Amino acid sequence: PADQETARLIDELAKTYSSLAKYDLAELTFNKALEMREGFPHDESNELIASYANLGASYSVQKDYQMAEMMYKRELECTEEYFGGDSENVITPLMHLAGCFIISGRFAEAEPCYKRILETRYKTQGEGHADLIGSMLHLAELYRIQKNFTETEIYYESACELAEQVHGESSLKVAEILDKRALLAKLEDQGQLAEELQARATKIRSEAEKPKESEEPKESNPVLISP
């Protein structure tokens, strides 16, 4: 329909303004697209959700975190309404909301967002999915910032165990997490543990950098020369 196409064009114009750092114009234009989409039927819900996300990002860039939070909450509410609260679709708005809380220094409010993301991934993707690693690390970093090192270590260990299962014990992802655990051990004055973790991470990287053994050269077919 023409109205939906018009809203898309307005949305693209707003994104252009935003890319040019013309944030006031971007905000006005994103709001215009939102006004149009709020009157659209249920099957256009994805575009309405996108409008709330775009406005949230626009306010966040301008450091208007109160308005950004409001838009991200509406994004989450619409997602829950259209797709259900246990849907994998809630992960994106929850990430937006958590990011808004973190950038404005409200770490305690980001915690339930990250926990819900982790729970949602468990329910929708299964216990062995690689995406769980990132969610565990988000929580670990959040607790580290708040100096809750006990919880930090719990999530680092869980992320490391899952990374070993998913990527292998000698993967670079495991080395990355071991580095984080080593830094945490240093913060907690656990020098020996830090050295052990760092040594393992270094060994993994050294093994990864070794050139692979060259394969046996294949025999080439004889060239036939015509008489």
Side-chain angles (χ1 to χ4, degrees), residues 53 56-57 60-61 63 65 68-69 72 76 88-216:
S60 186
V61 168
K63 298 184 180 180
Y65 301 124
E69 179 188 348
Y72 288 142
L76 177 59
E88 192 175 349
N89 292 286
V90 301
I91 291 172
T92 297
L94 284 168
M95 287 290 289
H96 292 161
L97 192 55
C100 181
F101 288 140
I102 288 172
I103 202 170
S104 55
R106 296 154 64 189
F107 304 118
E109 291 175 77
E111 181 182 341
C113 294
Y114 281 141
K115 281 191 169 181
R116 185 175 169 192
I117 290 169
L118 183 60
E119 290 169 4
T120 302
R121 289 199 191 282
Y122 269 123
K123 291 177 182 176
T124 61
Q125 298 176 323
E127 293 185 0
H129 199 282
D131 287 349
L132 289 168
I133 298 168
S135 293
M136 291 171 183
L137 291 176
H138 280 141
L139 274 165
E141 292 299 324
L142 184 64
Y143 286 124
R144 184 185 60 79
I145 291 169
Q146 298 176 86
K147 300 188 185 303
N148 184 344
F149 298 141
T150 301
E151 289 294 323
T152 303
E153 179 61 17
I154 288 171
Y155 283 101
Y156 275 158
E157 285 185 359
S158 297
C160 195
E161 288 172 7
L162 183 55
E164 289 172 344
Q165 293 173 26
V166 174
H167 302 294
E169 293 184 1
S170 299
S171 71
L172 291 175
K173 188 65 180 179
V174 171
E176 174 193 327
I177 300 170
L178 288 169
D179 284 337
K180 294 177 185 294
R181 291 183 63 193
L183 287 172
L184 180 64
K186 287 179 183 178
L187 287 174
E188 296 186 287
D189 295 322
Q190 299 180 43
Q192 184 177 349
L193 176 59
E195 288 178 11
E196 291 171 359
L197 293 167
Q198 193 63 67
R200 186 181 164 199
T202 302
K203 182 179 179 182
I204 290 172
R205 288 197 174 88
S206 297
E207 291 294 326
E209 289 170 2
K210 284 182 180 178
K212 294 181 179 179
E213 294 182 7
S214 57
E215 296 180 356
E216 290 289 329

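All residue numbers in this chain count up from 1 along the given sequence. All values below were derived from every heavy atom in this structure, side-chain atoms included, with hydrogens, water molecules and symmetry-related copies excluded. Since the model is a prediction, treat every value here as computed from it, not as a measurement.
Within the 4.5 Å cutoff, side-chain heavy atoms of Ile133 are placed close to those of Leu137. Glu88 has its side chain out of reach of Lys123: every pair of non-hydrogen atoms, C-beta onward, lies at least 4.5 Å apart. Between Cys113 and Phe101 the shortest side-chain heavy-atom distance falls below 4.5 Å. The side-chain heavy atoms of His138 and Leu118, taken from C-beta on, include no pair separated by under 4.5 Å.
The CG atom of Leu172 lies 11.5 Å from the CD1 atom of Ile177; values are rounded to the nearest 0.5 Å. We find the OG1-CD distance between Thr202 and Glu207 to be 12.0 Å, quoted to the nearest 0.5 Å. Atom-to-atom distance recorded for Tyr72:OH and Met95:CE is 11.5 Å, nearest 0.5 angstrom. Taking NZ of Lys147 as the reference point, atom OG1 of Thr152 lies at 10.5 Å (rounded to 0.5 Å). From Thr124, atom OG1 reaches atom NE2 of His129 across 8.0 Å, with rounding to the nearest 0.5 Å. With values rounded to the nearest 0.5 angstrom, Ser135 atom OG is found 4.0 Å from Arg121 atom CZ.
Just one of Thr92, Asn89, Leu94 meets the side-chain contact (heavy atoms from CB on, under 4.5 Å) condition when paired with Leu76; it is Leu94. Checked options Glu157, Glu188, Glu176; the residue passing with Arg181 is Glu157 (criterion: salt bridge (Lys or Arg N to Asp or Glu O under 4.0 Å)).
Listed here is the closest heavy atom pair of Tyr155 and Ala140: CB-CB, 3.8 Å. Taking every heavy atom of both residues into account, Glu69 and Cys100 meet most closely at N-SG, 3.8 Å. In terms of heavy atoms, Asp179 sits closest to Gln198 at OD1-NE2, 2.9 Å. Ala110 and Ala98 get closest at one heavy-atom pair: CB-O, 3.9 Å. The two residues Glu127 and Leu132 make their nearest non-hydrogen contact at O-CD1, 3.2 Å. Across all non-hydrogen atoms, the minimal contact from Ile204 to Ser170 is CG2-O, 3.2 Å.
Salt bridge present: Lys115 and Glu111 bring a charged side-chain N and a carboxylate O closer than 4.0 Å. Contact check on Glu151 versus Arg144 returns no salt bridge, with no Lys/Arg side-chain nitrogen under 4.0 Å from an Asp/Glu carboxylate oxygen.
Under the 3.5 Å distance criterion, with hydrogens and angles disregarded, no donor-acceptor pair is assigned to the side chains of Glu161 and Tyr156.
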